[in-house]
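This report refers to the structure that appears directly beneath it.
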Amino acid sequence: MPDSTPSALSPRVRFAPSPTGFLHVGSARTFIFNWLFARHHHGTMVLRLDDTDVERNTEASVRSIFEGLRWLGLDWDEEYKQSERLDLHRKAAEAIFARGLAYRDFTPAHAGEDTQSGTQGAASREGAWLCNPGMREMSREESDRRAAAGEPFALRYRVPRGQGRILSFQDGVYGPQSKMADEVEDFALLRSDGMPTYHLASCFDDADLRITHIIRGQDHLTNTFKHLLIFEGLDAAAPQFAHLPLLVAPDGAKLSKRKHGPVVSVTTYRDAGFLPQAFINFLCLLGWSPKNDREFLAVDEIRELFSLDGVNRANAVVNFKEDDPFDPKAVWLNAEHLRALPVEELARCIEPFLKQAGFQAAPEKVAAVTPLIRERIKLLSEAVSAADFFFVAELTPYDPAELIPQKGDAALARRVLEKAQEVLAATPFDHDSLDKGLREAAAALGLKAGPMFQPIRVAVCGRKNAPPLFETLVVLGRETCLERIGQAEARLASLQV
RNA sequence: GUCCCCGUCGUCUAGCCCGGCCUAGGACACCGCCCUUUCACGGCGAUAACACGGGUUCAAAUCCCGUCGGGGACGCCA
């Protein structure tokens with residue numbers, strides 16, 4: 001998008017979700033791209049709730065959307081609700097009708113049936129539907145008479161036909177676009193209950209709110225030709241358009257709430273322990289590239305680097321699976337962002353997950369544990385399984401055989417544990433002292449570090465894979481360590497019978 | 001069905017507009033090695049792609065045409 005155009009000097013963009021379900025990743029990405037564009041150009045970000053579908057809108061959905069956006073931590077400058085602007089929309093429709101650019105369609109509405117539920121709908125028709133027979137040509141007199149008689153009607157745009165009219169615009173991502181007007185159907189502006197349709201409400205508001213750039217999903221690319229007509233009918237200049245490649249599932253189909261469920265919900269990512277900055281980073285890389293081979297980026301960096309020129313045209317696959325709902329790259333990025341966080345901050349992020357697992361996660365304790373697990377977790381939620389033994393009073397039962405080092409036997413494990421108890425009881429409980437004491441003990445037993453440390457690690461952690469030993473011992477404290485080693489000896493004894 | 005869009009490693013992508021520097025670069029994942037008290041981190045390495053067919057040209061991933069494949073729109077949903 002050339003920065004020389006006046007509108008690019010201070011662009012106004014909008015994110016216009018319809019509150020018919022939870023905020024899903026595709027919508028979140030659209031929001032993020034708009035935000036990035038606005039903030040990069042020092043423009044204005046407008047949030048508009050496109051809630052003209054009274055039937056399907058829910059309060060819960062509105063809350064869910066705000067919750068998701070707030071979690072992302074990205075802001076907006078102005079906020080509107082379409083449902084509060086209905087009078088404006090109706091007046092706009094009347095104006096278009098008055099100009100002869102629309103007509104009344106008295107064809108009864110498709111009785112309840114969702115055209116899409118049958119999969120058929122448009123597909124079953126031979127060719128594309130353009131208009132209902134007899135309506136477009138109806139005389140103004142008859143139209144007025146039937147309307148006055150109270151017969152319900154929808155208002156449709158009278159798409160110019162037979163004039164060889166070509167609709168065209170320059171897309172910020174897809175380049176020059178054009179289509180014959182003859183191929184555009186007479187879409188509805190007003191429903192028979194008087195409510196504006198999405199097309200009308202959206203275009204009117206975009207014009208009225210002086211939106212300069214419409215950045216939205218590519219599923220609206222063909223709708224844009226209709227929108228061009230509406231802006232014309234409104235006698236308003238059309239904004240710039242930029243369509244984003246779609247986010248698709250591994251099977252190639254557009255991500256949808258209905259088909260893909262919670263794996264596409266923003267809250268699913270939040271609850272699994274994604275950091276919002278990592279989530280944003282991941283979503284940006286789906287269909288956009290800074291072109292400098294960098295992928296791990298802070299939000300501020302992305303904002304600075306962002307440009308519509310970097311937006312790709314091919315759809316992007318979000319690589320989730322049945323057994324693993326998150327794209328590996330998203331997980332990797334999250335791990336990177338996790339490690340980039342100052343420990344205290346990471347600790348604060350981890351704390352709620354620990355508490356939710358029922359642990360007594362005192363801030364000081366979490367702060368002490370965090371550095372030990374931060375390179376061992378990729379999602380915040382994994383802190384629970386990575387650090388459980390720091391918080392439980394009683395270790396969950398483990399196989400005593402784990403206490404026995406690789407090339408050793410139970411007797412060796414017993415000797416190690418006994419020796420360890422001596423050392424731990426007599427050594428100052430700090431990293432270096434423990435390190436020195438335990439290594440000397442190993443030497444005294446004629447053992448290498450491995451066989452010496454493993455029994456101790458399993459005894460205090462209850463498993464083989466754990467954070468580095470000395471740090472772990474320190475955080476656990478002398479008392480707990482001694483107690484757990486004692487219990488380990490008992491387990492070992494039970495094994496020998 | 002009609003129209004619109006897209007097609008580089010398994011996935012995200014760079015390169016394409018302005019043909020040669022591309023024996024196609026990076027990242028994730030996977031595999032191997034190293035580091036190491038376990039796990040992890042880190043380091044190193046390997047495998048892996050220009051959908052296909054025609055042109056144009058001295059030269060094509062890059063330009064043109066076609067084919068095939070995928071997606072989207074076609075609703076009184078948004």
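We name chains A, B, ... by the order of the sequence lines, and we start the count at 1 in each one. Remember, it's a predicted structure, so these values are computed and weren't measured experimentally.
- With salt bridges taken as basic N to acidic carboxylate O contacts below 4.0 Å, none links A:Asp309 and A:Lys291.
- The interatomic distance linking A:Phe187 (CZ) with B:C77 (C1') rounds to 15 Å, in whole Å.
- Base engagement by A:Pro468 is indicated by at least one non-hydrogen atom pair under 4.0 Å involving a base atom.
- When distances run from any side-chain atom of A:Arg376 to the nucleotides B:C76, B:A78, B:C39, the shortest one goes to B:C39.
- Closest to the side chain of A:Asn312, from the set B:C12, B:A14, B:A73, is B:A14.
- Contacts of A:Asn319 with the nucleic acid, taken as non-hydrogen atoms under 4.0 Å apart, involve only primed sugar atoms and P, OP1 or OP2.
- Among the nucleotides B:C12, B:C4, B:C77, the one closest to any side-chain atom of A:Gln177 is B:C4.
- Comparing A:Arg313 and A:Phe153 along RNA chain B, the residue whose closest nucleotide (by nearest heavy atom) sits nearer the 5' end is A:Arg313.
- Taking side-chain N and O atoms only, A:Arg463 has no distance below 4.0 Å to OP1 or OP2 of B:C39.
- One can place CD of A:Glu183 at 11 Å from P of B:U2, the figure rounded to the nearest angstrom.
- Atom-to-atom, CD of A:Gln170 to P of B:C17 comes out at 17 Å; the value is rounded to the nearest Å.
- Look at A:Arg191 and you won't find any side-chain N or O under 4.0 angstrom from OP1 or OP2 of B:G75.
- Both A:Pro467 and A:Ser289 lie near RNA chain B, and the one whose nearest nucleotide falls closer to the 5' end is A:Ser289.
- Taking the centre and axis of the six-membered ring of A:Tyr398, the NZ or CZ atom of A:Arg491 falls inside the cone set by 45° and 6.0 Å.
- A:Ala466 comes within 4.0 angstrom of a nucleotide base, judged by non-hydrogen atoms across all strands.
- Salt bridge present: A:Asp208 and A:Arg85 bring a charged side-chain N and a carboxylate O closer than 4.0 Å.
- Rounded to a whole angstrom, the distance from the P atom of B:G32 to that of B:A73 is 43 Å.
- Of the candidate nucleotides B:C12, B:C76, B:G42, B:C12 has the atom lying nearest to any side-chain atom of A:Val317.
- Within 4.0 Å of A:Phe296, counting heavy atoms only, lies no atom of the nucleic acid at all.
- OP1 or OP2 of B:A29 has not a single side-chain nitrogen or oxygen of A:Lys329 nearer than 4.0 Å.
- If you check B:C18 for Watson-Crick or wobble pairing at under 3.5 angstrom, you find it has no partner at all.
- Only the P atoms considered, B:C6 is 15 Å distant from B:U13, to the nearest whole Å.
- Centroid-to-centroid, the aromatic rings of A:Phe241 and A:Tyr174 stay 6.0 Å apart or farther.
- Residue contacts for A:Arg339: at a heavy-atom cut-off of 4.0 Å it reaches the sugar-phosphate backbone alone, with no base atom in range.
- For the C1' atom pair drawn from B:C16 and B:A61, the interatomic distance equals 7 Å after rounding to whole Å.
- Checked against B:A14, B:G26, B:A73, the side chain of A:Lys291 finds its nearest nucleotide in B:A14.
- Counting non-hydrogen atoms under 4.0 angstrom, A:Gly217 reaches nothing in the nucleic acid.
- A:Arg56 contributes a side-chain N or O that forms a donor-acceptor pair with the base of B:C77 under 3.5 Å.
- The interatomic distance linking A:Asp324 (CG) with B:G10 (C1') rounds to 14 Å, in whole Å.
- To the nearest whole angstrom, the two P atoms, one in B:G19 and one in B:U62, are 12 Å apart.
- B:G69 and B:C6 make up a base pair, with Watson-Crick or G-U wobble contacts both under 3.5 Å.
- In this structure, A:Lys321 reaches neither bases nor backbone, as no heavy-atom distance under 4.0 Å exists between it and the strands shown.
- Across B:A29, B:A78, B:G72, the shortest atom-to-atom separation from the side chain of A:Trp332 is found for B:A29.
- Closest approach to the A:Leu221 side chain among B:C5, B:C77, B:C12 is made by B:C5 (side chain taken as heavy atoms from C-beta onward).
- In this structure, A:Thr52 reaches the B:A78 phosphate: one of its side-chain N or O atoms is under 4.0 Å from OP1 or OP2.
- Atom-to-atom, CG of A:Asn315 to P of B:G7 comes out at 10 Å; the value is rounded to the nearest Å.
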Checking side chain to side chain contact (heavy atoms under 4.5 Å, CB included) for the pair A:Leu130/A:Asp186: CA distance, chi angles, key distance, verdict? CA-CA 6 Å; A:Leu130 288 177; A:Asp186 285 354; over 6 Å; no
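- For A:Gln218 against B:G71, a side-chain-to-base donor-acceptor contact under 3.5 Å is absent.
- For A:Arg294 and B:C12, the CZ to P distance is 22 Å, given to the nearest whole Å.
- In this pair, A:Tyr269 and A:Phe274 present their aromatic rings tilted. The plane angle is within the 30 to 60° band.
- Each of B:G72, B:A27, B:A78 was ranked by its minimum atom distance to the side chain of A:Thr222; first place goes to B:G72.
- A:Glu185 has a carboxylate O that lies under 4.0 Å from a charged side-chain N of A:Lys226, or vice versa, which qualifies the two as a salt bridge.
- Relative to the side chain of A:Asn465, the nucleotides B:C39, B:C76, B:A78 differ in distance, and B:C39 lies closest.
- The base-pairing partner of B:A46, taking Watson-Crick or G-U wobble contacts with both distances under 3.5 Å, does not exist among the strands shown.
- Applying the side chain to side chain contact (heavy atoms under 4.5 Å, CB included) test between A:Pro17 and each of A:Thr30, A:Leu69, A:Leu49 identifies A:Leu49 as the sole match.
- Across the C1' atoms, B:U8 and B:C22 are found 12 Å apart, a figure rounded to whole Å.
- Judged by atom type and distance alone, A:Ser192 reaches the base of B:C76 through a side-chain donor-acceptor pair under 3.5 Å.
- Listed nucleotides B:G72, B:C6, B:C12 differ in distance to A:Leu246; the shortest reach to its side chain belongs to B:G72.
- Atom CG in A:Asn292 sits roughly 13 Å away from atom P in B:A27 (whole-Å rounding).
- In this pair, A:His220 and A:His227 present their aromatic rings tilted. The plane angle is within the 30 to 60° band.
- Atoms CG (A:Asp193) and C1' (B:C77) sit 13 Å apart, rounded to a whole Å.
- Judged by Watson-Crick or G-U wobble contacts below 3.5 Å, the nucleotide B:A27 has B:U11 as its partner.
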